[in-house]
Amino acid sequence: MSTVALVGAGAVGVRAARQLVDTPGLGHLKIAARDAPAARRLARAVGAEPVPLAHVLDGEVHAVAVAVPGPAGVAIIRRAVEAGIPSASCADDDASIRGLLELGPAAFDRQVMVVAGCGLAPGLTDVLARHAADGLDAPDEVHVARVGVAGPSCRTTLRAAVRAPSREWRDGTWHVPERRGPQLVWFPEPVAARECTPVDLGVEVVRGALPEVRDITMRAESPGRNDGRARLGIGRGPAVDEFGGARVEVWGWHGGVRTSIVYGVIERPAIAAGTTLAVSAARLSGLIASIGLRVDLGGVRSAGATFEAPTFLAELARRGVKVAAFEGAQR
């Protein structure tokens, strides 16, 4: 029986808690959050133990799931590394990702596994990109697009990312493109066509999952709701708890022919992110042995670089988060 500590009681934390308590073999779930009353309410709702944030890693803990953004989330992961406890974080903002990656040497020295970006994007999209790349002889381009927000903090992160200069990985080096307008991206129904802007959210994480790829871009729909797009018949900015999703397009060579593999997922972002986080933490704790590991060394890596894609995606599908393949899609 394993003990998992969950930090965070927001939109993603709620979904992760529900997934964790439904995982066979879980012996004990601890829940902590900066908002202590919210942690107590969530713990009561799912039959877990609320604990103070300062003591969430006390006692025997087999894995930590962190659904807290920013420096506070990085601080929890740092404490977990120091305690020798594997952990997974759903942080998607660039500062948090950099902070987690900086913990790589310490995690490697202590042989502690840390999975960074265990949300929808980055997270599930990195696993999909790795899965698509494995279906090609020589993958060389990855283009990720996302739509939807998992909660208020996710909305804040996305709004800042859309406004800030974005980086892309081009020809094996970082490149800051001239500011371009949004691009129309097609997602599976019912999301359909959305205008997505270049952002620097998780490009570094995708690089870790696909080190052989020379071109990586990330786009996202702006979280603004009333910008006139509805008048054009292509929807509006995302609202919390609406359907969102992601599209992952990987180009390369297969059998001497240049081709692409395109995957899409449609789900409420908080559900997709919470399920991805919960499954990641459950695997790190030893609860889901059916999910294969690409590596078993300490360090900080993406979900795509850590887990075997087919078994990870099968577990997500079993929990209701399913992926579709685009047939004949072209960029």
Side-chain angles (χ1 to χ4, degrees), residues 1-7 12-13 15-31 46-49 56-57 59-67 77 80-81 83-90 100 104 107-108 110-120 122-135 205 208-209 263 265 267 271-323:
M1 305 291 280
S2 296
T3 296
V4 176
L6 170 64
V7 181
V12 174
R15 274 69 175 193
R18 293 171 179 169
Q19 292 292 335
L20 284 167
V21 296
D22 287 339
T23 301
L26 180 72
H28 193 55
L29 177 63
K30 298 180 178 182
I31 297 179
V46 300
E49 178 192 3
V56 68
L57 301 183
E60 187 177 41
V61 176
H62 298 95
V64 185
V66 179
I77 299 291
V81 169
I85 304 171
S87 57
S89 166
C90 71
L100 293 174
F108 181 80
R110 291 173 171 79
Q111 289 299 288
V112 179
M113 296 183 68
V114 178
V115 187
C118 293
L120 172 60
L124 176 53
T125 52
D126 315 318
V127 178
L128 291 176
R130 184 66 266 171
H131 191 42
D134 288 343
V205 176
Y263 291 130
V265 57
E267 183 54 90
I271 293 176
T275 305
T276 300
L277 177 63
V279 168
S280 300
R283 177 60 185 92
L284 293 176
S285 72
L287 288 173
I288 310 178
S290 61
I291 297 177
L293 294 176
R294 296 182 65 91
V295 294
D296 58 3
L297 300 173
V300 180
R301 299 176 181 85
S302 68
T306 303
F307 305 115
E308 291 287 355
T311 51
F312 191 88
L313 294 173
E315 180 64 24
L316 290 184
R318 191 184 70 78
R319 294 168 182 255
V321 178
K322 298 181 179 180
V323 173

Straight-line distance of Ile271 CD1 to Leu120 CG, nearest 0.5 Å: 11.5 Å

So, using salt bridge (charged side-chain N to carboxylate O under 4.0 Å, His left out) as the criterion, who are the partners of Arg301 when residues are at least two apart? none

Nearest heavy-atom approach of Ala80 to Val64 is CB-CG2, 4.2 Å

Between Ser87 and Leu284, which heavy-atom pair has the shortest distance, and what is it? O-CD1, 3.3 Å

Residue pair Cys90 / Leu277: nearest heavy atoms and the distance that separates them: N-CD1, 4.1 Å

Spacing of Thr3 atom OG1 and Leu29 atom CG [to the nearest 0.5 Å]: 9.0 Å

Tell me, please, which residues at least two apart from His62 pass ring pair (Phe, Tyr, Trp, His ring centres under 6.0 Å). none

Any idea which heavy atoms bring Val321 and Ala272 closest together, and the distance? CG2-CA, 4.4 Å

Side-chain donor-acceptor pairs under 3.5 Å in residues 305-314, sequence neighbours left out?
from: Thr306; atom 1: OG1; to: Ser302; atom 2: O; distance (Å): 2.7
from: Thr311; atom 1: OG1; to: Gly292; atom 2: N; distance (Å): 3.0
from: Thr311; atom 1: OG1; to: Glu308; atom 2: O; distance (Å): 3.1

Contact list for residues 279-293, test side chain to side chain donor-acceptor pair (under 3.5 Å), sequence neighbours left out: none

Using a strict cut-off of less than 4.0 Å between a Lys/Arg side-chain nitrogen and an Asp/Glu carboxylate oxygen, indicate whether Asp134 and Arg130 qualify as a salt bridge. yes

Using every non-hydrogen atom in the two residues, find where Val114 and Ala107 come nearest and quote the distance to one decimal. CG2-CB, 4.3 Å

Any chance you could measure Leu316, atom CG, to Thr276, atom OG1, to the nearest 0.5 Å? 5.0 Å

Arg15 CZ to Leu20 CG distance, which is reported to the nearest 0.5 Å: 14.0 Å

Side-chain heavy-atom pair Arg110, Val81 within 4.5 angstrom cut-off: yes

Taking salt bridge (charged side-chain N to carboxylate O under 4.0 Å, His left out) as the test, write out the residues that go with Arg318, two or more places apart. Glu315

May I have all residue pairs that pass side chain to side chain donor-acceptor pair (under 3.5 Å) and include part of residues 21-30, sequence neighbours excluded? Thr23-Arg319, His28-Glu49

Minimum heavy-atom separation for Val21 to Val46, with atom names? CG1-O, 3.7 Å

